[in-house]
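In what follows, a structure is listed as structure tokens, so that the remarks can point back to it.
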2 protein chains.
Amino acid sequence: MPRSHTKKEAILREATNLFSEHGYWDTSISDISKATSVADGTIFYHFHSKEELFLAVLKNFKEKLISAFSAHLNSHEFETGMDMVEGAISFYLSQANKMEKRFFLLHRHHYYQIAEHNPNCWQHLEEIYSSLIDIFEQAIRIGQKDRSIKAVDASKKAFLIFTLVDGIVRFNTYKLYRADAIYDELIDSCRSILQSPTN
Amino acid sequence: MPRSHTKKEAILREATNLFSEHGYWDTSISDISKATSVADGTIFYHFHSKEELFLAVLKNFKEKLISAFSAHLNSHEFETGMDMVEGAISFYLSQANKMEKRFFLLHRHHYYQIAEHNPNCWQHLEEIYSSLIDIFEQAIRIGQKDRSIKAVDASKKAFLIFTLVDGIVRFNTYKLYRADAIYDELIDSCRSILQSPTN
DNA sequence: TTTTTGACTGAGTACTCATTCAGTTTTTAC
DNA sequence: GTAAAAACTGAATGAGTACTCAGTCAAAAA
């Protein structure tokens with residue numbers, strides 16, 4: 001239990017770093033073993049294949065991300081549902097900023113490729129997105145109760161807003177646009193989406 | 001000119017199909033040569049390396065995409081700038097639908113990785129995005145002249161709307177959400193963003 | 001003390017893949 | 001028609017790769 005545990009964790013940690021930074025194909029098993037100061041075989045002792053390790057990294061990220069989110073929302077009080085939406089947006093952006101490399105994982109195309117034939121992988125992705133979108137949806141519903149948000153389709157609007165925020169994170173990590181330069185416009189637009197008179 | 005031209009084009013065409021469908025790493029040179037009925041060496045005669053071929057595919061896609069867009073916009077008349085924005089959105093979605101596989105190219109992470117050390121690749125991506133965003137921006141400016149759109153920051157709102165639409169395309173290709181199920185909400189939201197009273 | 005167990009090792013295996021190049025065929029120029 | 005140039009070929013190369021496995025070692029169980 002003492003060292004073995006540590007080594008498996010270390011492998012997972014280094015694999016997360018390397019897969020996040022360089023992707024699946026540009027990270028070899030021996031890259032990971034070197035970074036962890038472990039023999040190649042040890043990796044296969046703990047994880048049966050490279051793909052399994054890759055999935056373990058995703059699973060780990062999923063758990064960290066979801067618990068970080070619920071911790072944040074539980075520890076904050078929001079005046080209105082609209083404020084809660086805003087809080088969720090800015091928390092998502094700050095998380096993406098803080099663990100930028102990890103967020104790369106979400107945008108790594110290879111996961112979606114694996115997901116096509118691996119239901120397990122698909123489920124991880126699905127859980128990540130649905131739990132994130134859920135946060136927005138719940139905030140919208142709360143806002144509709146306290147009248148800070150209009151009677152819109154909460155589920156669809158939540159998806160749209162999440163898409164928007166996630167897309168901005170994506171452009172930011174690809175260095176094609178800076179997220180902070182557009183923060184105010186983003187919040188503004190989300191307010192418009194949720195508060196403007198229904199047509 | 002006769003056959004040589006054809007073969008180079010055929011290689012580019014098959015490479016586009018295979019890279020779009022399976023990605024860079026899951027497409028080998030011999031996959032491409034088999035699909036084109038050409039010897040491996042021929043590929044290297046026309047393109048110096050696999051990466052160069054990959055970039056040629058991107059360049060080709062860029063040109064096709066941009067010209068398809070301007071052809072569409074020039075052949076249509078729009079009542080207002082707001083209608084033009086709507087037209088651009090629905091055209092983007094229909095293009096993404098029609099050449100779904102090709103659009104994968106835009107979301108293939110590998111390009112962004114190459115872009116990090118290859119200014120040429122970065123430029124292609126930058127041109128694709130900036131010309132697409134430009135279309136939205138111009139439509140917004142026209143709308144501001146004809147009063148169908150409020151006095152918003154055209155450049156930033158154009159980026160936001162593009163991000164939103166592109167993000168939806170992404171979720172659609174990954175089969176995590178169906179774009180057509182959300183079309184009305186999308187248009188609605190864009191109207192809100194561009195027409196709601198400024199705070 | 002002896003045995004057993006499970007974590008760990010790293011050289012070896014079997015393979016894939018991009019790239020090369022010496023040579024052949026086809027096209028163009030004269 | 002002939003020479004030069006260009007297009008094309010595919011077997012060979014060599015650098016990598018994920019994964020295996022026979023064996024080491026330390027600590028727990030007997």
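Throughout, protein chains are lettered first and strands after them, A, B, ... in sequence-line order, and every chain is numbered starting at 1.
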- Item | Of all pairs that satisfy salt bridge (charged side-chain N to carboxylate O under 4.0 Å, His left out), the ones with a partner from residues 85-96 of chain A, not counting sequence neighbours | A:Glu86-A:Arg191

- Of A:Trp25 and A:His48, the one whose closest nucleotide on DNA chain D sits nearer the 5' end is A:Trp25

- Would you kindly give the NZ-to-P distance between B:Lys34 and C:dT16, to the nearest whole Å? 10 Å

- Message: In this structure, how many angstroms lie between the P atom of D:dA15 and the NZ atom of B:Lys50, rounded?
- Response: 19 Å

- Test of ring centre spacing under 6.0 Å for B:Tyr111 and B:Tyr24: no

- Task: For A:Thr42, answer base if it contacts any base atom (sugar-phosphate contacts may also be present), sugar-phosphate if it contacts only those atoms, and nothing otherwise; contact means non-hydrogen atoms under 4.0 Å.
- Result: base

- Note on the structure: Taken to the nearest whole Å, CG/A:Asp26 to C1'/D:dA18 is 15 Å

- Which one, C:dC8, C:dT9, D:dG10, comes nearest to the side chain of B:Ala39? D:dG10

- Take B:Ser33 and B:Asp40 through the test side chain to side chain donor-acceptor pair (under 3.5 Å) and record every step on the way to the result. CA-CA 5 Å; B:Ser33 67; B:Asp40 287 19; 2.7 Å; yes

- Integer-rounded Å distance: D:dA18 C1' and A:Glu52 CD: 14 Å

- Message: Among D:dT20, C:dT19, D:dT9, which nucleotide has an atom closest to any side-chain atom of B:Val38?
- Response: D:dT9

- Rounded interatomic separation in angstrom, taking CG from A:Leu53 and P from D:dT17: 15 Å

- Item | Nearest-nucleotide pick for A:Asp40, side chain only, options being D:dC19, C:dC8, D:dT17 | D:dC19

- Could you check which of D:dC19, C:dT19, C:dC17 has an atom nearest any side-chain atom of A:Ser49? D:dC19

- Message: Would you say B:Lys7 places a side-chain N or O within less than 4.0 Å of OP1 or OP2 belonging to D:dT9?
- Response: yes

- Message: Given C:dT19, D:dC8, D:dT17, identify the nucleotide with an atom nearest to the side chain of B:His46.
- Response: D:dC8

- Item | Nearest-angstrom distance from the residue atom CD1 of A:Ile32 to C1' of D:dG16 | 16 Å

- Note on the structure: Atom CD1 of B:Ile43 and atom C1' of C:dC21 are separated, to the nearest Å, by 16 Å

- What about the rings of A:Phe91 and A:His76, do their centers lie closer together than 6.0 Å? no

- Query: Just checking B:Ser37: base, sugar-phosphate only, or nothing, at a heavy-atom cut-off of under 4.0 Å?
  - Reply: nothing

- Message: Going by the rule side chain to side chain donor-acceptor pair (under 3.5 Å), which residues pair with A:His109 if we only count those two or more places apart in sequence or in a different chain?
- Response: B:Arg108, B:Tyr174

- Give the rounded distance in Å between these two atoms: CD1 of B:Ile11 and C1' of D:dT9. 12 Å

- Query: NA contact type, A:Ser33, heavy-atom cut-off 4.0 Å: base, sugar-phosphate, or nothing?
  - Reply: nothing

